Amino acid sequence: RDWSSDVCSSDLQQYTAQVAETLIKAGGIEQQDVQQTNWTSVAAAVQRIILDFNSRLQAAINAKMAADLMTPSERRWRH
């Protein structure tokens with residue numbers, strides 16, 4: 001499954017707003033810092049992290065599936 005298609009801009013905007021609100025309530029960030037932050041860049045970074053994670057996860061799943069399909073003699077040869 002390609003999870004990257006599930007990451008749309010409105011979800012990222014909503015998630016980013018929730019993160020900012022949580023940080024403000026927890027005292028982890030000041031209101032002034034929130035106003036000065038380039039949230040478009042933050043949302044783009046979050047999206048990049050999600051896409052990279054999904055790509056690595058998909059590669060690991062594919063490698064596991066390929067390994068599971070190998071016969072024992074093929075496994076010994078590859079290692």
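Because only heavy atoms are used, hydrogens play no part in the values below, and waters and symmetry mates are left out as well, while side chains stay in. Note that the structure is predicted; figures quoted are calculated from it, not measured.
- By the salt bridge (charged side-chain N to carboxylate O under 4.0 Å, His left out) test, D33 pairs with no residue at all, sequence neighbours left out.
- Under the side chain to side chain contact (heavy atoms under 4.5 Å, CB included) criterion, N38 pairs with T40, S41, sequence neighbours left out.
- K64 NZ to L69 CG: the interatomic distance, rounded to the nearest 0.5 Å, is 10.0 Å.
- Rounded to the nearest 0.5 angstrom, I49 CD1 and N54 CG are separated by 12.0 Å.
- R48 pairs by the side chain to side chain donor-acceptor pair (under 3.5 Å) definition with D52, not counting sequence neighbours.
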